[in-house]
J.: 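Mind having a look at this structure? Questions to follow.
Whatever order the structure lists ligands and atoms in, that order sets their numbers, starting from 1. Quantities reported herein were computed from a predicted structural model and do not represent experimental measurements.
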Amino acid sequence: MADYDVGVIGGGPSGYAAAMRLWDFGKKVCLVERARLGGAGVHNGALSSKTMWELSRDYLNATRRDRGYTAADVRVNFAAVREAVQEATESKVQHMQRQIRELAHPRPDRTGSITLLRGSARFADAHTILVEDTETDESRRLTCDHFVVATGSRPRLLPNIVVDGEAILTSDHIESLSEFPRSLVILGAGVVGCEYATVFANYGQTKVYLVDRAERILPFEDLDVARLCSNNLERKGVTIHHRAHLVAMERVGDEVEYTIEHHTGGRETIRVEKALVSVGREPNTGGLDLAAAGVQVGPQGQIIAEDTRSSVPHIYAVGDVTLDIALVNIGEIEGRHAAQRICGETVVPLSYTNLSTIMFLDPEVAAIGLNEQEAQKQRRPYRVALYNYSLVNRAIAMRSTDGFVKLLVTDDEKMCILGMRALGVHASTTIEAVSLMMQYGRSARELAELLHPHPAVTEGLQDCVRMLMGTSIYKPSVFRSELRLSRVTYADDGAAVSS
Ligand SMILES: Cc1cc2nc3c(=O)[nH]c(=O)nc-3n(C[C@H](O)[C@H](O)[C@H](O)COP(=O)(O)OP(=O)(O)OC[C@H]3O[C@@H](n4cnc5c(N)ncnc54)[C@H](O)[C@@H]3O)c2cc1C
C-alpha cells in the first residue's frame, strides 16, 4: 500500500486547490512545498503585486487636487510599502497554514487528511518521490498512488543579461528593494511589465522607461484598449520605447546602462538606477527528474498535459508548470479538476474559451471572451457597443471617468455575448454578470431589463446592451464620441466592413 493516496508537489494556488479538493473526497494527501506556501500566487507575484498596485492607487488618490482637499505632507517610502505588502502576504499564508493544520488528521466524519512536507521533491520512479529538506539535508522517500505536479514557474532570463538581483532584477526581486529607485527601465511590455510600470509611475518617485518590441503595448488587446492604457502611462511620465530592440543591458558601477535600437535604425544609450527584466516565465521542472517517472515534457521544459493529465496516466500537471495560461484562477480550476478526475468524478473537459482576466493598469482592464481583433481574425460577424464611463453615474461620482465598457455580441436576433472589455473603476465587478451569461450561452438582451442598484458601474453595461437593441437611455447619435455602435461583417476578400 502506498504511503499516500495523492502526492501534490508545489504549494502555490494550483497545488493548494488540488489538495483541498482531494480532501473533500476523503483522500490521504501529502502536499510538498520547497519554499513559501502560496508560491507566486502570493509572494513576488499575484497577491504581492496587487497589494502594491492598490497601495499605489491610494497614494495617487491622496495626492489628487480635485477632491476638495489638499493633503499636505503626503510622503511615501518604499520600506513602508514593502512592510504593508508583507503584512498582506503573511495574512494569506496564515489562512492557508491554519487550514492545513486543521485538516492534518482524519475526523470522525471525514477520512481525508493533508500533510504538509517541507522540502524539494523529485521523482525516483513513477510512484515514488524523494523529498529533500534543503535546511537539514534529510531526504524522505514516499510512495503515492497518484501525483499532481503544481511546481509553477519562474521569471525567464535572457542569455545576454546578467540578473544580479541588485541592479538588474526580475519580479522576484522587487520586494527586496530598500527604496524607490530614482529611475527604472522595464524590459518587456507584457502584463507584468505594464503593471509594474503603473505601480512605480503611480508613486511618482521613479522615472520609468518601458522597452516594447511591438508597435504598441498589449498587442493582444484592441487598439482602443491599448491606446488608453499607453496614453495614461505616458501622461504619468513613463517613457515607452515603442518598436525598440534591446542591444545591450549591463551593470555599470551601481547603475545599469542599456542600449536600444529604434525601428528607424538610430541607437540610444540610457543610464538608470535599476532594471526589471520582465520577458515571460519558464516552468519549474528542472529538478523534478520527470524522466524517472516517464513524464513527457515540451521544448521549454513544460509538462505536456491533456485536460490536466500528463503522459503518465496517474500523474497530473496543473497551473503554470504546463505553460498554458499563467493565472491564479486557472491554476486553481485546473487543480480542482485534476483532483476530481483522480477521484473518478465524471467531469467534462475544462474549457478555456470564456476566460475572465484582469490587468492592473491605469485604469484596470477586465476582459472576457473575444475582443474585436480576435473576432475579426476568426471572420465572425458581430455587433459591438461601446459606452464611455463619462456617462456612468458611479464613475462620475468617483470623479474617475477614464474608461469604457465594450460588448461584442453575435450578429443575429439572439445577440449571444461573444466577449466584453471593461476599463475603469470597478471593471472587475462589471465583468461578473457577463461571465455568468456567457457560461450559460445567454443572450445579452437579458441584461437589458435587470434592476441594477444605483449608482453602480454595471449600469453602463446595461445601457450598452440597450444600445444594441436601439433602446438606450443615452443615444449614440447624440453622444458620438462617448458611445459607439457598429455592426462588423466581411467583404468577399475577407476584409472587415463596419457599418
Ligand atoms: C508579478 C506577477 C503578477 C501576477 N499577477 C497575477 C494576477 O494579478 N492574477 C493572476 O491570476 N495571476 C497573476 N500572476 C500569475 C500567478 O501568480 C501564477 O499563475 C500562479 O501563481 C501559478 O500558480 P501555481 O500554483 O501553478 O504556481 P506557483 O504559484 O509558482 O507555485 C508553485 C510552488 O511550487 C513550489 N515548488 C516548485 N518546485 C518544487 C519542488 N520540486 N518541490 C516542492 N515544491 C516545489 C514553489 O516553491 C512554489 O511555491 C502573476 C505572476 C507574477 C509573477
J.: Which residue supplies the protein heavy atom nearest to atom 15 (C) of ligand 1, what is that atom called, and how far is it?
T.: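 Looking only at protein heavy atoms, the one closest to atom 15 (C) of ligand 1 is Ala326 O, 3.6 Å.
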J.: Go through ligand 1 atom by atom and flag the ones less than 4.0 Å from a non-hydrogen atom of Ala150.
T.: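 Those qualifying, in numeric order: 32 (C), 33 (C), 34 (O).
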J.: Closest non-hydrogen protein atom to atom 31 (O) of ligand 1, residue and atom name please, with distance?
T.: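 Looking at atom 31 (O) of ligand 1, the protein heavy atom closest to it is Gly12 CA, 3.4 Å.
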J.: How does Ser153 reach ligand 1, by side chain, by backbone, by both or by neither, if only non-hydrogen atoms under 4.0 Å count?
T.: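 Looking at Ser153 and ligand 1, just backbone atoms fall under 4.0 Å.
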J.: Taking only heavy atoms of Val192, which atoms of ligand 1 are found under 4.0 Å from at least one of them?
T.: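 Once the distances to Val192 are compared, the set is 1 (C), 2 (C).
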J.: For Lys50, take its heavy atoms, then give the atoms of ligand 1 lying under 4.0 Å from any of them.
T.: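 Counting from 1, the qualifying ligand atoms are 3 (C), 4 (C), 5 (N), 6 (C), 7 (C), 8 (O).
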J.: Taking the six-membered ring for Trp, are Tyr203 and Tyr59 closer than 6.0 Å centroid to centroid?
T.: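 Aromatic pair counts; centres sit under 6.0 Å.
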J.: Would you mind telling me if ligand 1 is within reach of the side chain of Ile9, the backbone, both or neither, using heavy atoms under 4.0 Å?
T.: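 The answer is the side chain.
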J.: Between Arg421 and Glu221, does any NZ, NE, NH1 or NH2 come within less than 4.0 Å of an OD or OE carboxylate oxygen?
T.: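 Salt bridge flag = yes for Arg421 with Glu221.
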J.: In plain terms, say whether Glu372 and Lys406 are close enough for a salt bridge, that is, a side-chain N and a carboxylate O under 4.0 Å apart.
T.: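 Looking at Lys406 together with Glu372, the answer is yes, because their closest N to O distance falls below 4.0 Å.
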J.: Atom 37 (C) of ligand 1: which protein heavy atom is closest, and how many Å away?
T.: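 Looking only at protein heavy atoms, the one closest to atom 37 (C) of ligand 1 is Thr151 O, 3.3 Å.
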J.: Between Glu132 and Arg140 (salt bridge meaning N to carboxylate O under 4.0 Å), is one present in this structure?
T.: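 Answer for the salt bridge query: no.
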J.: Give yes or no for whether the N/O distance cutoff of 3.5 Å, strictly under, is met between Asn44 and ligand 1.
T.: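 Among all N and O atoms of Asn44, none is under 3.5 Å from an N or O of ligand 1.
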J.: Judging by distance only, is a nitrogen or oxygen of Leu327 under 3.5 angstrom from one on ligand 1?
T.: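 Such a contact does occur with ligand 1.
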J.: Does Arg281 reach ligand 1 with a nitrogen or oxygen that is under 3.5 Å from one of the ligand's nitrogen or oxygen atoms?
T.: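 So ligand 1 has no N or O lying under 3.5 Å from an N or O of Arg281.
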J.: Check the side chains of His426 and Tyr389 for a donor-acceptor pair under 3.5 angstrom, ignoring hydrogens and angles.
T.: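 No, no side-chain donor-acceptor contact under 3.5 Å.
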J.: Please report the closest heavy-atom contact between Ile303 and Ala317, naming both atoms and the distance.
T.: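 Closest approach of Ile303 to Ala317: CG2-CB, 3.5 Å.
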J.: Around atom 35 (C) of ligand 1, find the nearest protein heavy atom and jot down its residue, atom name and distance.
T.: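 Among all protein heavy atoms, the one nearest atom 35 (C) of ligand 1 is Glu33 OE1, 3.3 Å.
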J.: Name all residues meeting the side chain to side chain contact (heavy atoms under 4.5 Å, CB included) criterion together with Ile333; count only those two or more places apart in sequence or in a different chain, and write none if there are none.
T.: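 Applying side chain to side chain contact (heavy atoms under 4.5 Å, CB included) to Ile333 gives Leu350.
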J.: Can you list the ligand 1 atoms lying under 4.0 Å from a non-hydrogen atom of Gly41?
T.: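 By the 4.0 Å cutoff, the relevant atoms are 17 (O), 21 (O), 29 (O).
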J.: Could you walk me through whether Arg271 and Glu255 satisfy the salt bridge (charged side-chain N to carboxylate O under 4.0 Å, His left out) test, starting with their C-alpha distance in whole Å, then the side-chain angles of each, then the deciding distance to 0.1 Å, before giving a yes or no?
T.: CA-CA 7 Å; Arg271 218 176 240 222; Glu255 295 186 323; 3.6 Å; yes
J.: Closer than 4.0 angstrom, basic N to acidic O: yes or no for Asp362 and Lys236?
T.: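 Salt bridge: yes.
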J.: Which option wins on minimum heavy-atom distance to atom 14 (N) of ligand 1: Gly10, Ala46, Ala121?
T.: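 The residue whose heavy atom sits nearest atom 14 (N) of ligand 1 is Ala46.
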J.: Between Asp222 and Arg227, does any side-chain N to carboxylate O distance fall below 4.0 Å?
T.: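 The answer is no: the pair does not qualify as a salt bridge.
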J.: Please identify which atoms of ligand 1 are closer than 4.0 Å to at least one heavy atom of Val32.
T.: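 Matching atoms, with element in brackets: 43 (C), 44 (N).
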J.: For Gly152, counting its heavy atoms only, list the atoms of ligand 1 lying under 4.0 Å from any of them.
T.: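 Going through ligand 1 atom by atom, the ones under 4.0 Å from Gly152 are 26 (O), 27 (O), 28 (P), 30 (O), 32 (C).
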J.: N/O to N/O below 3.5 Å, does that happen between Asp320 and ligand 1?
T.: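 By distance alone, the answer is yes.
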J.: Quick one: does Val42 get a heavy atom under 4.0 Å from ligand 1?
T.: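 The answer is no, since Val42 has no heavy atom less than 4.0 Å from ligand 1.
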J.: Once ring-ring contact (aromatic ring centres under 6.0 Å, His included) is applied, what residue pairs with a partner in residues 289-311 remain, sequence neighbours excluded?
T.: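 Applying ring-ring contact (aromatic ring centres under 6.0 Å, His included) to every pair that reaches into residues 289-311, excluding sequence neighbours, yields nothing.
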J.: Within the 4.0 Å heavy-atom shell around Ala40, which atoms of ligand 1 are there?
T.: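 Atoms satisfying the 4.0 Å criterion: 17 (O), 21 (O), 28 (P), 29 (O), 30 (O).
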J.: Is the closest heavy atom of Arg154 to ligand 1 under 4.0 Å?
T.: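 No, Arg154 has no heavy atom closer than 4.0 Å to ligand 1.
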J.: Do Asp307 and His337 get their side chains close enough for a donor-acceptor pair, meaning under 3.5 Å?
T.: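 Side chains of Asp307 and His337: pair found under 3.5 Å.
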J.: Is there a donor-acceptor pair under 3.5 Å between the side chain of Glu282 and the backbone N or O of Leu323?
T.: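 Side chain of Glu282 to backbone of Leu323, a donor-acceptor pair under 3.5 Å: no, none is there.
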J.: Considering Ser14, Gly319, Gly331, which one's heavy-atom position lies nearest to atom 23 (O) of ligand 1?
T.: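 It is Ser14 whose heavy atom sits nearest to atom 23 (O) of ligand 1.
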J.: Return a yes/no value for Val328: is any of its N or O atoms, backbone included, closer than 3.5 angstrom to an N or O of ligand 1?
T.: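 Indeed, backbone or side chain, Val328 has an N or O that close.
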J.: Among all protein heavy atoms, pick out the one at the shortest distance from atom 52 (C) of ligand 1; state its residue, atom name and that distance to 0.1 Å.
T.: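 Ranked first by proximity to atom 52 (C) of ligand 1 is Gly45 CA, 3.6 Å.
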J.: Using distance alone, with no hydrogens and no angle criterion, decide if Asn284 and Thr151 have a side-chain donor and acceptor under 3.5 Å apart.
T.: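 Checked: Asn284/Thr151 side chains show no N/O donor-acceptor pair below 3.5 Å.
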J.: Do the rings of Phe147 and His314 sit parallel, tilted or perpendicular, given the 30° and 60° boundaries?
T.: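 Tilted: the ring planes of Phe147 and His314 meet at 30° to 60°.
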J.: Identify, by atom number and element, the atoms of ligand 1 in contact range of Gly119, meaning under 4.0 Å from any of its heavy atoms.
T.: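 Those qualifying, in numeric order: 42 (N), 43 (C).
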J.: Can you confirm, on distance only, whether ligand 1 has an N/O atom lying under 3.5 Å from any N/O atom belonging to Arg34?
T.: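 Yes.
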J.: Looking only at non-hydrogen atoms, which of Ser49, Gly286, Gly11 approaches atom 3 (C) of ligand 1 most closely?
T.: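 Checking each option, the heavy atom nearest atom 3 (C) of ligand 1 is found in Ser49.
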